[in-house]
Amino acid sequence: MNKTTYVAGICLLGSLVTGCSDSNDFKPIAGMDALDIYANACSSCHGENGGGKFGILLKLAGSDASRDEIVDKIRNGGHIMPAFPNIDTENAGLVAGYLKSL
Ligand code: HEC
């Protein structure tokens with residue numbers, strides 16, 4: 001399988017859950033805590049409680065990523081993961097803290 005097919009395949013997999021885009025316009029509502037934000041913005045790909053999807057795929061619980069790396073990932077996205085420009089650094093920090101506590 002060449003790289004293009006591979007990336008397209010992952011995108012297709014992603015679009016089955018939320019759509020394959022560079023940026024996600026999810027915006028936390030005032031009063032949402034880290035768990036609410038995670039459940040609304042992240043669990044569709046990363047599973048409930050950071051447990052991953054389809055077994056261990058995209059598991060976040062126990063990740064080696066530092067708090068700052070997680071904040072950066074939320075704000076800027078990854079190769080496949082969409083960026084969440086509307087989750088400010090404060091809320092991203094809350095979600096990162098939640099994930100580090102798992
Ligand atoms: C559309 C699916 C999707 C959504 C929604 C999503 N992610 Fe991701 N995430 C991915 C994919 C795919 C990767 C791995 C590849 C990459 O970096 O793009 C990833 C990687 C990560 C990583 C790096 C994992 C590691 O161990 O280094 C973190 C941290 C992360 N996501 C956190 C989050 C958080 C927090 C949210 C919610 C604000 C979120 N993700 C929402 C698909 C998603």
Side-chain angles (χ1 to χ4, degrees):
M1 183 158 69
N2 67 32
K3 193 157 186 266
T4 313
T5 316
Y6 177 72
V7 171
I10 300 272
C11 275
L12 183 66
L13 189 68
S15 59
L16 291 177
V17 267
T18 51
C20 192
S21 66
D22 296 332
S23 168
N24 184 303
D25 60 6
F26 169 79
K27 194 174 182 353
I29 299 163
M32 273 187 161
D33 63 15
L35 251 168
D36 294 328
I37 295 171
Y38 181 85
N40 281 283
C42 322
S43 65
S44 56
C45 289
H46 292 288
E48 277 180 46
N49 307 318
K53 275 270 180 200
F54 318 115
I56 58 158
L57 200 63
L58 302 182
K59 186 169 186 282
L60 291 180
S63 162
D64 290 338
S66 71
R67 197 175 181 284
D68 286 352
E69 283 166 350
I70 298 175
V71 170
D72 183 70
K73 195 80 178 184
I74 296 171
R75 303 271 304 152
N76 299 312
H79 298 295
I80 300 165
M81 181 173 145
F84 289 84
N86 296 322
I87 300 182
D88 61 22
T89 43
E90 194 186 328
N91 278 315
L94 290 178
V95 175
Y98 160 68
L99 289 173
K100 294 307 285 178
S101 76
L102 294 174

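When a ligand or atom number is given, it counts from 1 through the structure's own listing order. Quantities reported herein were computed from a predicted structural model and do not represent experimental measurements.
- Residue contacts with ligand 1, taken as heavy atom pairs separated by less than 4.0 Å, do not involve D64 at all.
- Of all the heavy atoms of P82, the ones lying under 4.0 Å from any atom of ligand 1 belong exclusively to the side chain.
- Of all the heavy atoms of M81, the ones lying under 4.0 Å from any atom of ligand 1 are found in both the backbone and the side chain.
- Applying the 4.0 Å criterion to heavy atoms of V95 picks out, from ligand 1, the atoms 35 (C).
- For ligand 1, the atoms lying closer than 4.0 Å to a non-hydrogen atom of G78 are 17 (O), 18 (O).
- Counting the atoms of ligand 1 from 1 in the order shown, those under 4.0 Å from a heavy atom of C45 are 1 (C), 2 (C), 3 (C), 4 (C), 5 (C), 42 (C), 43 (C).
- For atom 8 (Fe) of ligand 1, the N/O/S atoms of H46 include one lying under 2.8 Å.
- On a distance-only criterion, S44 and ligand 1 share no N/O pair closer than 3.5 Å.
- At least one N or O atom of K73, backbone or side chain, sits closer than 3.5 Å to an N or O atom of ligand 1.
- Between Y38 and ligand 1, no pair of N/O atoms sits closer than 3.5 Å.
- Under 4.0 angstrom from ligand 1, there are no non-hydrogen atoms of N24.
- At least one side-chain heavy atom of N86 sits less than 4.5 Å from a side-chain heavy atom of D25.
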